[in-house]
Amino acid sequence: MSAYFDPSLKNSIHGYIVPDTNVLSLMSYDPDFFKLFCDLSAEADILIDPTAKLEFLRGDFQEHFLTDKLKFLEYEKFHMMLEHYKIHRDVYDIALKISRIFAHNGKTNIN
């Protein structure tokens, strides 16, 4: 397993968790990590962001890989977030402003 966490975090994880694409990918192919993630998030709702879902599903040119990933996303604790244009527009606008601030300060390699 390629993840580390502080076991005491389990007591403070509740509410919502929004895993990024890397976490989704790791959960989909590493059963130990998936079990650990489920254990840690037992008291939380797991929300799947539409952008993370798209990134997770993209690039699979073999149909069985895509089918397996779609089946994985049907896990009962996953809740698909609604696409909301205004939220994404605001996030993109803020991200652009932050990147311009970094660039203005000579930090152009920030991803």
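Only heavy atoms go into these numbers, but all of them, side chains included; no hydrogens, no water, no symmetry mates.
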Rounded to the nearest 0.5 Å, what separation is found between the CG atom of D68 and the CD atom of E63? 10.0 Å
Can you label the angle between the F56 ring and the F72 ring as parallel, tilted or perpendicular, going by 30° and 60°? tilted
Taking all heavy atoms of A52 and all of P19, pick out the closest pair and write down the distance. CB-O, 4.1 Å
Return the CD1 to CG distance between I48 and L54, rounded to the nearest 0.5 Å. 13.5 Å
With a 6.0 Å cut-off (strictly less than), is the heavy-atom count around OH of Y16, excluding the residue itself, greater than 12? no
D20 versus V23, closest heavy-atom pair with distance: OD1-N, 2.9 Å
With the 4.5 Å side-chain cut-off for hydrophobic clustering, are F65 and M27 part of the same group? no
Heavy-atom pair of closest approach, residues L73 and M80: O-CE, 3.4 Å
If I take atom NZ from residue K77 and atom SG from residue C38, how far apart are they, to the nearest 0.5 angstrom? 7.0 Å
Is M81 reachable from L24 through a run of I, L, V, M, F, W or Y residues, each pair having side-chain heavy atoms under 4.5 Å apart? no
Would you check, one step at a time, whether the test side-chain contact (heavy atoms from CB on, under 4.5 Å) holds for K53 with L57? CA-CA 6 Å; K53 179 181 175 184; L57 294 174; 3.9 Å; yes
Is the gap between the ring centers of F34 and Y29 under 6.0 Å? no
Group every Ile, Leu, Val, Met, Phe, Trp and Tyr by side-chain heavy-atom contacts under 4.5 Å, then state whether I17 and Y75 land in the same group. yes
For the atom pair NE2 (H64) and NZ (K71), what is the distance rounded to the nearest 0.5 Å? 14.5 Å
Look at the rings of F33 and F37 and say which category their plane angle falls in: under 30° parallel, 30 to 60° tilted, over 60° perpendicular. tilted
Please report the interatomic distance CD1(I98) to CG(D93), rounded to the nearest 0.5 Å. 11.0 Å
What's the separation between atom CG in D30 and atom NZ in K35, rounded to the nearest 0.5 Å? 12.5 Å
Give a yes or no answer on whether the side chain of S28 reaches the backbone of S25 with a donor-acceptor pair at less than 3.5 Å. yes
